[in-house]
Amino acid sequence: MDTTILPVLEVRDLDLGYNDYTVMRNLSFSVNKGDIFIVMGVNGCGKSTLLKSLIGLKVPDKGKVLYYGKSFWDEDEIGQQNIMRRFGVLYQGGALWSSLTVGENVALPLQLYTKLSAQQIQELVALKLALVGLEGYGDFFPSELAGDA
């Protein structure tokens, strides 16, 4: 399948809620490769509920969540796992293992989910850290980073 012309993420006519309480109705949007997409709003408007549905933690009441044209909620468990390997979630607090260095935290999913060599992983870790302005901080622990101490 040629994924270059499909949106990375597409939400179609999504309804989300809890029991009889509807949080959002008829939500539709697309996120294309290279887009920066922000979810923001006041407390209680449904940001977390939407994110839970996007990452596979909450089944929508109605609608579709598509990744490269594949409906996440229509896939079997293996199909869902394959889709989930293509995205990541970083929570606001407690996002890193405190007992691992920053570099080890970045390397962990690569070690678990790829067949890359140790050298390839080390190179990717260095690249990813450089891309977010943390070049040279791979051997630091999360508590040693500015703003977290």
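Positions are given from 1, in the same order as the sequence printed here.
Between Tyr68 and Leu6, the shortest heavy-atom distance links the atoms O-CD1, 3.2 Å. Residues Ile83 and Phe72 come closest through the heavy atom pair CG2-CD1, 3.8 Å. When all heavy atoms are compared, the tightest approach of Glu75 to Gly79 is OE1-CA, 3.4 Å. Of all non-hydrogen atoms in Pro142 and Asn105, the two that sit nearest each other are CG-ND2, 4.2 Å. Tyr113 and Arg85 get closest at one heavy-atom pair: CD2-NE, 3.4 Å. Across every non-hydrogen atom of Leu16 and Pro60, the tightest pair is CD2-CA, 3.5 Å.
Of the inter-residue distances, the one linking Ile55 atom CD1 with Gln80 atom CD reads 12.5 Å to the nearest 0.5 angstrom.
Residues Arg12 and Leu66 have side chains in contact (heavy-atom distance under 4.5 Å, counting atoms from C-beta outward). Between Leu9 and Asp35 there is no side-chain heavy-atom pair separated by less than 4.5 Å.
No chain of hydrophobic side-chain contacts below 4.5 Å, direct or via other Ile, Leu, Val, Met, Phe, Trp or Tyr residues, connects Val65 to Ile78. Linking ILVMFWY residues whenever their side-chain heavy atoms come closer than 4.5 Å, directly or via other members, leaves Phe141 and Leu134 in distinct clusters. Grouping the Ile, Leu, Val, Met, Phe, Trp and Tyr side chains by contacts below 4.5 angstrom, directly or via other members, places Leu116 with Leu131.
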Only pairs under 3.5 Å count here: list side-chain donor-acceptor contacts from residues 20-33, not counting sequence neighbours, and write none if there are none.
{"unit_1": "Asn26", "atom_1": "OD1", "unit_2": "Lys62", "atom_2": "NZ", "d": "3.3"}
{"unit_1": "Ser28", "atom_1": "OG", "unit_2": "Asp13", "atom_2": "N", "d": "2.8"}

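Val106 pairs in a side chain to side chain contact (heavy atoms under 4.5 Å, CB included) with only one of the listed residues (Leu124, Leu129, Leu100, Thr101), which is Leu129. Residue Leu112 forms a side chain to side chain contact (heavy atoms under 4.5 Å, CB included) with just one option from Leu108, Leu110, Thr114, and that option is Leu108.
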Test log, rule side chain to side chain contact (heavy atoms under 4.5 Å, CB included), inputs Asp61 and Tyr18: CA-CA 9 Å; Asp61 297 333; Tyr18 299 94; over 6 Å; no

Evaluate Leu54 against Val39 for side chain to side chain contact (heavy atoms under 4.5 Å, CB included), listing each step before the verdict. CA-CA 12 Å; Leu54 297 180; Val39 177; 5.6 Å; no

Does the side chain to side chain contact (heavy atoms under 4.5 Å, CB included) test come out yes or no for Trp73 and Lys64, once each step is laid out? CA-CA 7 Å; Trp73 291 104; Lys64 298 279 185 188; over 6 Å; no

Evaluation steps, side chain to side chain contact (heavy atoms under 4.5 Å, CB included), between Trp97 and Glu104: CA-CA 9 Å; Trp97 295 100; Glu104 289 168 336; over 6 Å; no

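Pairs engaging residues 119-139 under the side chain to side chain donor-acceptor pair (under 3.5 Å) rule: Ser117-Gln120, Gln119-Glu123 [sequence neighbours left out].
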